[in-house]
Amino acid sequence: MKKGFYLSQAAAAACLLTAIAAAAVIIALSVVYSQEKSKSQAACSTTTTEPGVPTTPGPPSTPSTPKEPWQRYRLPDTLRPVSYNVTLWPQLQPNGDQGHHTVLRGLDGAPTPSLRRTWLEVPTQYLVVQLSGPLVAGSSYQLYTQFVGELADDLAGFYRSEYTMDGERRVLAASQMQATAARKVFPCFDEPAMKAVFHITLIHPHGTVALSNSMNYEPLNVTMDGEKLLLTSFEPTQLMSTYVLALAVCDFTFRETRLADNTLIRVWARKTAIELGHGDYALEKTGPILAFYEDYYNSSYPLCKSDQIAIPDFEAGAMENWGLVMYSEPALLYNPAGSSNEDKEWVVKVISHELAHMWFGNLVTMRWWNDLWLNEGLANYISYLGSNYTEPEWGLALIQTWTHLDSSFQPDLMVLNEVISVMRMDALASSHPLSSKEDDIQTPFDIEQLFDSITYSKGAAVLRMLSDFITEEAFTTGLRAVKQAGVKLPHSVDAIMNRWILQMGFPVVTIDTRTGSVRQQHFLLGADPAVVTPSEFNYTWFVPIKWIKNGGAEQLFWLLEKEKTNPDLVLDSSGWLLANVDMKGFYRVNYDPAHWERLLAILTSRPQVGSRSQLVCCLCPVEASEHLSFQDIPLINRVQIIDDAFNLARAGMVNITLALRTTRFLEKEHEYMPWQAARDNLGYIFLMFGRSEVFGSIQAYLRKQVTPLFNYFSRITANWTRSPERHTDLYNQVNAITLACSAGVTGCKDLTTGWFREWMRNPDNNTISLNLKSTVYCNAIASGGAEEWDFAWSMFQNSSLASEAEKLLHSLSCTQRPWLLNRSVRLSSSRVLPARSCPHASVLQVPALLPGPRQDPQAGRPRHHHANQQQRRGPAPGVEFCPSRVGRHHSVLLQFKEEQAKELSVDLALERVRTNMKWVSLNKEQVVDWFSREVSSGSH
């Protein structure tokens, strides 16, 4: 079915590739529609062969206009799989056998046409079986194939992986079928809607264990080719898609527990990791997460066991195989003695994401990949709810109907991780809608391109918006009953959501508080609207605008056309309002200039003793704006003001100096989310101008703003001797040190280099705070030289914990020494990096967000679930390019574009380069003047 079926002895030996030998596949097929005789006759070859003959070379390449069914990428609907009996022998040592033959048998007396010819249609990845006559509609058949395939190390299909334990090389076999790699393993109907039951048997060496989706029967001792082996068969699976089939042969061990309903929970990993307790946190959280989802979906967990396995070499990050979820090691293993809180959050969020698929995705499955967004977007959204349920103190999600907490001071990390991050990509003209037409997604390449932040993060964001305006209770009821729950809406849910799903992008809503005018337009960064792909909705959305006036109760206003007037939005001279409360809507907000000035005045006002901000009473009416402070603006809306202002400035809708002024209040701010939003947006400014004459003024301004935050964390941590208690404070402590060292705050570099030097003196005792390792490593290597770099490289090579190795690898690129940076680049493109690190970390991946050390952009903030998916698809959407090097980047990307014409990530990178060039030329003078004035004035 794919060219990987054939393997020469020389290729096997040279590449250390092994083969799957003597594998038997029996597919029970039910003919849904009879094949037309004319099509069958046209498909027949003049060469007659008997059943069991080897596969012959295929006919010429697929023409541009398909004439035959096998020249199309979609399977015909004339056959339906019922069940597979699959026996696989993954030989973990090199083997050079090859061969393939096919037999067709009719069941229950069904007439069986003879086989005329079989071949592999490589362009469309078909195994074509030509018959001498048609099959009988309504009859069942068995197709038997015996073949040798390639157990490659390409991390797709059924693949070979290696790791080292106690100095000994160990080999294992693992699988990754999504999206179209099951066909690499055995001939199958490899489309999500073509579900079947799988009967799996694995032949494997003694000393190893075989795992699959369902529970195994007792292994049997067998002898094959003179070798004593184990044969492990598994119970029949549930009816499921090929892409969630899972296979593993390894020498791992596990820890287990059972739920109240006797569901078996097991966490598998390398023996050392299990013995050290690195799987205990995952085991502890899996049960509560499953219980939460059973309540959320109002449906019991559909299987009798839930296996989760950490693979040392796993590209996808994690994969929701039904009953055997596979993870990269950092996504499942947590070491309390060596992992940070960020690592811990990553584990619980990924587990929550994958387990959410056990119902939506595995039990209920999309028909075709064009609706992948609903599968992944829903799992991404619900994963925050599941994580929030099991770690309620972290502030991962804000569900007011459940928590009854004041949102003024409650974080919602989904806003930073998903909503804001994906808006930057979705504001480009090269973005795409959440859902495409089925006919537009055909090839495996088309499918792979869908695994991006639009699918994962925008999908989650628009579902979060939906759950807000119909209420979370109605949202869950809708999932159960597919109907509304008595919520009044201006249109049906379908009509409202189609405008968010079927057209790319999102609106910016502009409110004029002088007239009450509200208008919407497609928000674009640096793009000419004339070149944007046309939309059947003319880029108009049905926008739910939740707003508060003078700190009062929330109100809801629907904007259903391009422009409308709402008299309630008119303000007097002392009034103020905020739209898109808690950023539940997927849109940006702009105001008239006078109202922007009011919001800036509130942000820069200092809290008064006994004021409402001191009493945490944001929802109480306020009489006069002079008694307000920045804390009267809800926490998430402080984030919104910063992020909206900077992006509106990048789009030319407000002046850049207005955006810069939104950061003045930060000298009083201690909360993580506003600081992270400022760091992200100022990072763009610093990157664009970091090599210009304004660099010194930028650094001085940042130093002034971050020094109070640096001193605050020094105070609450007793001079850096203990960790903050709040989850988000742990992240903001990283921001404080990262920004302070970049800006040259007194004592910061001495602090980080001192910690690192102490570790260098005693490599066996790393006393650096687990949550500060990323920023300490980076700053110490940036301040040091070859000695520090060599030490970090040595520690990376000797690290047994994947998350620690990832931090060390990232830190190598923080060096300011050109020859060491070149060494980092050479290492990243060489074979010396351990396999476990390649899918998850690359020193080439770390852009400079600030002048000075090349800080990891994710340091101190949670990771994205889709990040590992994007790493194999080109530049991440958040990567920017510095104008001082923009010409070279532009020419390189254009050349690459010619070679990879359909690569969406290249289009995004090219568009970012052009946008940055244009923006810098228009705004440089204002930026230089503003920072110079701020620094020279010494006050606000």
Side-chain angles (χ1 to χ4, degrees), residues 75 77 80-83 177-180 182 188-198 213-214 236-246 261 263 289-306 318-326 351-386 434-436 438 441 447 450-451 455-456 458-460 462-464 466-467 470 472-485 493-494 497-498 501 865-866:
L75 289 167
D77 58 4
R80 177 172 61 86
V82 175
S83 66
M177 307 299 189
Q178 193 184 50
T180 60
C188 57
F189 293 80
D190 200 12
E191 294 191 1
M194 292 194 172
K195 293 186 173 184
V197 174
F198 292 80
N213 302 77
S214 52
T237 69
Q238 298 278 342
L239 194 70
M240 69 183 199
S241 305
T242 52
Y243 79 89
V244 293
L245 178 65
D261 62 359
T263 299
I289 292 171
L290 286 175
F292 171 81
Y293 288 146
E294 287 183 322
D295 180 68
Y296 190 87
Y297 290 112
N298 194 28
S299 173
S300 298
Y301 178 66
L303 305 178
C304 66
K305 62 109 172 174
S306 175
M319 178 61 208
E320 65 269 18
N321 308 309
W322 215 5
L324 177 56
V325 184
M326 293 188 174
I351 292 175
S352 295
H353 181 106
E354 304 310 325
L355 294 183
H357 280 303
M358 300 301 107
W359 288 264
F360 202 91
N362 296 358
L363 184 63
V364 178
T365 308
M366 60 200 167
R367 167 182 161 79
W368 184 238
W369 296 103
N370 62 306
D371 281 328
L372 176 67
W373 79 271
L374 189 55
N375 189 11
E376 296 297 349
L378 183 63
N380 204 17
Y381 169 65
I382 295 176
S383 72
Y384 279 84
L385 308 186
L434 277 171
S435 182
S436 305
E438 193 169 326
I441 307 298
I447 296 168
L450 295 176
F451 287 84
T455 293
Y456 283 79
K458 183 179 179 179
V462 298
L463 291 173
R464 174 177 178 266
L466 171 64
S467 73
I470 68 173
E472 182 66 24
E473 293 87 348
F475 183 76
T476 55
T477 301
L479 288 176
R480 298 168 188 164
V482 198
K483 65 180 182 180
Q484 291 177 229
V493 171
D494 284 350
M497 295 305 294
N498 279 345
I501 295 168
H865 182 267
H866 60 269

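Computed from a prediction, not measured in an experiment: that's the story for all the values here. Each residue takes its place number in the sequence, starting with 1.
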Inset, instruction - Salt-bridge test for Glu191 and Arg367: reply yes if a basic N is under 4.0 Å from a carboxylate O, no otherwise. - result: no

Inset, instruction - To the nearest 0.5 angstrom, please state how far the OH atom of Tyr301 sits from the CH2 atom of Trp359. - result: 7.0 Å

Legend entry - Atom of Ser352, atom of Gly386 and distance for their closest heavy-atom approach: OG-C, 3.8 Å

Inset, instruction - Evaluate the ring planes of Tyr293 and Tyr297, with Trp represented by its six-membered ring, and classify them as parallel (under 30°), tilted (30 to 60°) or perpendicular (over 60°). - result: tilted

Inset, instruction - Give a yes or no on whether the backbone of Thr263 and the side-chain of Lys305 come within a donor-acceptor separation of less than 3.5 Å. - result: no

Inset, instruction - Using atom types as modelled and distance alone, determine if a side-chain donor or acceptor of Asn321 lies under 3.5 Å from a backbone N or O of Leu324. - result: yes

Inset, instruction - State, to 0.1 Å, how close His357 and His353 come at their nearest heavy-atom pair, and which atoms those are. - result: NE2-NE2, 3.3 Å

Legend entry - Distance (rounded to the nearest 0.5 Å) between Cys188 SG and Met194 CE: 11.0 Å

Inset, instruction - Begin with the C-alpha distance, continue with both residues' side-chain angles, and end with the deciding distance and a verdict on ring pair (Phe, Tyr, Trp, His ring centres under 6.0 Å) for Phe475 and Tyr381. - result: CA-CA 12 Å; Phe475 183 76; Tyr381 169 65; 5.7 Å; yes

Legend entry - Validation row: Leu303, Gln238 side chains within 4.5 angstrom (heavy atoms): yes

Inset, instruction - Please round to the nearest 0.5 Å and tell me the distance separating atom CD of Glu472 and atom CZ of Arg464. - result: 11.0 Å

Inset, instruction - Could you tell me whether the side chain of Asn213 and the main chain of Gly323 form a donor-acceptor pair under 3.5 Å? - result: no

Legend entry - Side-chain donor or acceptor of Asn370 paired with backbone N/O of Ser436 under 3.5 Å: yes

Legend entry - Check: Phe198 ring centroid to Trp322 ring centroid under 6.0 Å: no

Inset, instruction - Calculate, to the nearest 0.5 Å, the distance between atoms CG and CG belonging to Asp261 and Leu290 respectively. - result: 9.0 Å

Inset, instruction - Would you check, one step at a time, whether the test side chain to side chain contact (heavy atoms under 4.5 Å, CB included) holds for Phe360 with Thr365? - result: CA-CA 7 Å; Phe360 202 91; Thr365 308; over 6 Å; no

Inset, instruction - Would you mind reporting whether Met240 and Leu245 have side-chain heavy atoms less than 4.5 Å apart? - result: yes

